[in-house]
Structure formats: structure tokens, C-alpha cells
Amino acid sequence: MSPLRWDVLGAALLFAVPVLLLGAVGTLDTDDVLDRLPWCLLAGWVASSLLRAVLPAPKPEPRAHRPRPRPAVEAEAEA
């Protein structure tokens, strides 16, 4: 599975918010923030993979069987 899917990136962003806020406040320097961001991506990938493994994929809804419309008979052919 690709680590750059939308669900993985969204989870990684959620995990990165506290790290970015600690960097903005000044608790972490720029090097510490940049060292921790790949771990946030990995945590997002793990969380997304676990959810995909545990929760079953939704089944597609069955299509309603519709009879095919018959081709219209031309008026000239009937005459």
C-alpha cells in the first residue's frame, strides 16, 4: 500500500499538529520538529492500515435489474 494515500496523509496531519504546535510555541527547535515529522507519517500509515485491516470494505450495492428498452420501431417500417 502506498504511504501517500489521502487517508494516510490526513492521519499524518492529525499526528503532526501537536508537533507543529510545539515547534511554533518554541518548545521544540526546527531540527526536532523535522526529525519527528516522518514519524508522524509512519504513525498515520500504521493507523490507516490497521483500520483497513479491521473494518471490512463496504460491499457495492447490487444493480437493479432493468429490462433493456426495445428499440423504437420506425413509423415507415410499420406502414
Side-chain angles (χ1 to χ4, degrees):
M1 289 191 294
S2 171
L4 297 177
R5 295 187 320 259
W6 289 110
D7 55 344
V8 173
L9 293 176
L13 180 64
L14 281 175
F15 289 128
V17 166
V19 174
L20 294 173
L21 288 176
L22 286 172
V25 170
T27 307
L28 296 175
D29 12 343
T30 307
D31 292 335
D32 289 335
V33 171
L34 291 177
D35 287 341
R36 294 174 191 222
L37 285 180
W39 289 104
C40 294
L41 181 63
L42 178 67
W45 184 78
V46 168
S48 176
S49 297
L50 284 175
L51 283 175
R52 283 182 176 232
V54 171
L55 299 175
K59 294 181 181 178
E61 294 181 11
R63 293 184 179 178
H65 180 68
R66 295 184 199 169
R68 287 187 171 180
R70 295 184 181 182
V73 180
E74 296 180 19
E76 296 174 8
E78 291 179 2

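Values in this document were obtained by computation on a predicted structure and should not be read as measured data.
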> Minimum heavy-atom separation for Gly44 to Ala11, with atom names?
Replying inline: CA-CB, 3.8 Å
>> Is any side-chain heavy atom of Arg36 closer than 4.5 Å to one of Leu22?
In response: no
>> Taking the side chain as everything from C-beta on, heavy atoms only, tell me whether Leu50 gets closer than 4.5 Å to Val46.
In response: yes
> Roughly how far, to the nearest 0.5 Å, is CG of Leu42 from CG of Leu37?
Replying inline: 12.5 Å
> Asp32: what forms a salt bridge (Lys or Arg N to Asp or Glu O under 4.0 Å) with it, not counting sequence neighbours?
Replying inline: none
>> Is there a path of hydrophobic side-chain contacts, each under 4.5 Å between heavy atoms, that joins Leu41 and Phe15?
In response: no
> How close do Ala16 and Cys40 get, heavy atom to heavy atom, and via which atoms?
Replying inline: CA-SG, 3.7 Å
> If you measure from CG on Leu20 to CG on Leu13, what distance do you get to the nearest 0.5 Å?
Replying inline: 8.0 Å
> Between Val19 and Val33, which heavy-atom pair has the shortest distance, and what is it?
Replying inline: O-CG2, 3.9 Å
